[in-house]
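Below is one structure; the comments refer to it alone.
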Amino acid sequence: MTGSWKAEQIPSLTNRRFLITGANSGIGFAAAMKLARKDAELIVTCRDRRKGEETLARLREEAPGVRAEAGVLDLASLASVREFAAGELDRQRPLHVLINNAGVMAVPHRTLTADGFEMQFGTNVLGHFALTGLLWPAIQRAAAETAEAPRIVTIASIAHKRTHLDLEDLQSSRSYSPMRAYQQSKLANLMLAQEMGRRLQATGSRVRSIAAHPGVAATALFRTDGRSSLTRSLRTIIGHVIGMFLNDEAEGALPTLYAATAPDAENGGYYGPQEFAEMRGETVGPAKVAAHAQDEALASRLWEKCSDLTGVDFV
């Protein structure tokens with residue numbers, strides 16, 4: 001049982017390597033800081049090197065002696081994903097935990113990635129799908145070399161409950177709604193995480209695929225650039241209110257940390273806060289999966305679609 005699990009219950013993470021996407025702010029940074037204090041070896045990825053170096057400086061200030069490095073990774077570019085993954089594999093080192101955390105939310109106008117995908121689906125879903133598949137050899141190396149089962153943690157959202165997956169319009173080309181595109185991307189994240197869990201189980205793999213959601217937390221998603229000054233101001237106010245009455249970044253990171261480190265976190269599991277309709281709370285437990293997100297046949301078709309779109313095939 002998860003109950004009142006706390007970050008202080010994380011065991012020593014010495015000799016374990018964690019990669020966190022989008023670790024320069026929000027839940028990603030909060031999780032990185034907690035992991036660093038437990039002696040994890042960290043790879044924090046950001047879209048540019050300056051942000052990466054700033055993140056390392058903050059981590060070293062908060063957790064002196066931290067073993068961390070920054071990597072440049074733009075999930076909105078498959079070329080960037082491939083370049084980053086190739087560099088990581090060249091080092092021939094195991095990857096014990098991959099935390100697919102980075103994301104964009106409610107982009108105001110339909111915008112395309114470098115590869116022509118709708119920005120939210122391309123970044124939140126396809127970028128992470130490709131990264132996971134391309135880093136698969138490093139994850140398998142961890143499975144072969146260590147007793148602890150490696151983990152792939154996918155950050156989903158309670159927003160997945162508010163839409164259905166349209167496999168024929170994953171790119172929102174027929175009509176675009178900023179929030180619906182975000183909701184569909186988070187639904188896809190959850191369905192793919194659980195489909196991965198089924199595939200891993202079917203092959204007898206020791207790797208665990210685990211999903212988590214932060215509830216409603218005051219993170220950088222509420223401070224997205226590229227908006228009018230009025231919209232930015234309103235979103236800043238909303239972020240402060242959320243931090244006061246729902247979850248701050250540290251609380252929002254608890255389900256991520258649970259999924260990444262707790263012995264009880266199961267392959268195929270989905271975890272989140274337990275209070276106020278799963279929107280807040282320090283108690284972490286199994287999260288509710290909407291009925292439409294449990295369509296295994298649709299999840300399998302989504303997996304194949306993502307494989308076709310990225311050119312990445314694994315498990």
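As a basis for the values below, the full set of heavy atoms in this structure was taken, side chains included, without hydrogen atoms, waters or symmetry mates.
Under the 3.5 Å distance criterion, the side-chain polar atoms of K51 are left unmatched by any main-chain donor or acceptor of V72. No donor-acceptor pair closer than 3.5 Å links the side chain of R16 to the backbone N or O of L95. H292 places a side-chain N or O within 3.5 Å of a backbone atom of T163 that can act as its donor or acceptor partner. With hydrogens and angles ignored, the 3.5 Å screen pairs a side-chain donor or acceptor of T111 with a backbone N or O of H109. Remark: the backbone N or O of V312 is paired with a side-chain donor or acceptor of S307 at under 3.5 angstrom. Side chain of R110 to backbone of S172: a donor-acceptor contact under 3.5 angstrom is found. Side chain of R151 to main chain of H96: no donor-acceptor pair is present (N/O by atom type, distance under 3.5 Å, no hydrogens or angles). Checked by atom type and distance alone, the side chain of S205 never pairs as donor or acceptor with a backbone atom of Q201 at under 3.5 Å. Listed for the D169 side chain is a donor-acceptor partner under 3.5 Å among the backbone atoms of S173. Between the side chain of T203 and the main chain of L200, a donor-acceptor pair closer than 3.5 Å is present.
Taking a 6.0 Å sphere around CZ of R67, one finds it holds more than 12 heavy atoms contributed by other residues, nucleotides or ligands. More than 12 heavy-atom neighbours from other residues, nucleotides or ligands sit within 6.0 angstrom of CZ on R141. Taking a 6.0 Å sphere around CD of Q140, one finds it holds more than 12 heavy atoms contributed by other residues, nucleotides or ligands. Other residues, nucleotides and ligands contribute only 12 or fewer heavy atoms inside 6.0 Å of the CD atom of E83. More than 12 heavy-atom neighbours from other residues, nucleotides or ligands sit within 6.0 angstrom of NZ on K38. Within 6.0 Å of atom NZ in K6, more than 12 heavy atoms from other residues, nucleotides or ligands are found, so the atom counts as buried in its surroundings.
The nearest pair of heavy atoms linking A130 to L78 is CB-CD2, 3.8 Å. Nearest heavy-atom pair across V66 and A36 is CG2-CB, 3.3 Å. For the residue pair V207 and I152, the shortest heavy atom distance occurs at CG1-CD1, 4.0 Å. N124 and K186 make their closest contact through ND2-CE, 4.2 Å (heavy atoms, listed as atom of the first residue, atom of the second, distance).
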Between L98 and F18, is a side chain to side chain contact (heavy atoms under 4.5 Å, CB included) present by the stated rule, with each step listed?
CA-CA 6 Å; L98 169 61; F18 288 69; over 6 Å; no
Apply side chain to side chain contact (heavy atoms under 4.5 Å, CB included) to Q183 and M179, showing your working.
CA-CA 6 Å; Q183 291 159 358; M179 276 307 299; 3.9 Å; yes
Salt bridge (Lys or Arg N to Asp or Glu O under 4.0 Å) between R17 and E88, worked out:
CA-CA 12 Å; R17 299 180 75 233; E88 181 62 26; 2.8 Å; yes
Under the side chain to side chain contact (heavy atoms under 4.5 Å, CB included) rule, what do S157 and Y182 come out as? Steps first, then yes or no, please.
CA-CA 10 Å; S157 169; Y182 174 73; 4.1 Å; yes
From CA spacing to verdict: salt bridge (Lys or Arg N to Asp or Glu O under 4.0 Å), R199, E304
CA-CA 12 Å; R199 291 178 179 233; E304 298 304 328; 3.0 Å; yes
Take L126 and C306 through the test side chain to side chain contact (heavy atoms under 4.5 Å, CB included) and record every step on the way to the result.
CA-CA 6 Å; L126 296 177; C306 291; 3.7 Å; yes
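Contact of the I155 side chain with the N189 side chain is not registered, since no non-hydrogen atoms from C-beta on lie closer than 4.5 Å. A heavy-atom distance below 4.5 Å is not found between the side chains of V284 and Q274. Contact of the N267 side chain with the I210 side chain is not registered, since no non-hydrogen atoms from C-beta on lie closer than 4.5 Å. Looking at E168 and R174, their side chains come closer than 4.5 Å, going by heavy atoms from C-beta outward. A heavy-atom distance below 4.5 Å is found between the side chains of R37 and E62. Two residues are said to be in side-chain contact when any heavy atoms from C-beta on lie closer than 4.5 Å; D166 and Q184 meet this criterion. In this structure, the side chains of L73 and T21 come closer than 4.5 Å at one or more pairs of heavy atoms. Looking only at side-chain heavy atoms (C-beta outward), Q120 and Y176 come within less than 4.5 Å of each other.
Using a cut-off of 4.0 Å between Lys/Arg side-chain N and Asp/Glu carboxylate O, R198 and E195 are scored as salt-bridged. Salt bridge annotation for R60-E69: absent, with no cationic side-chain nitrogen under 4.0 angstrom from a carboxylate oxygen.
Taking the six-membered ring where tryptophan is involved, the planes of H160 and Y270 are perpendicular, since the angle between them exceeds 60° and thus also 30°. Taking the six-membered ring where the residue is Trp, Y258 and W5 present perpendicular rings, their angle passing 60° and hence far from 30°.
Between F121 and F129, the ring center distance fails the sub-6.0 Å criterion.
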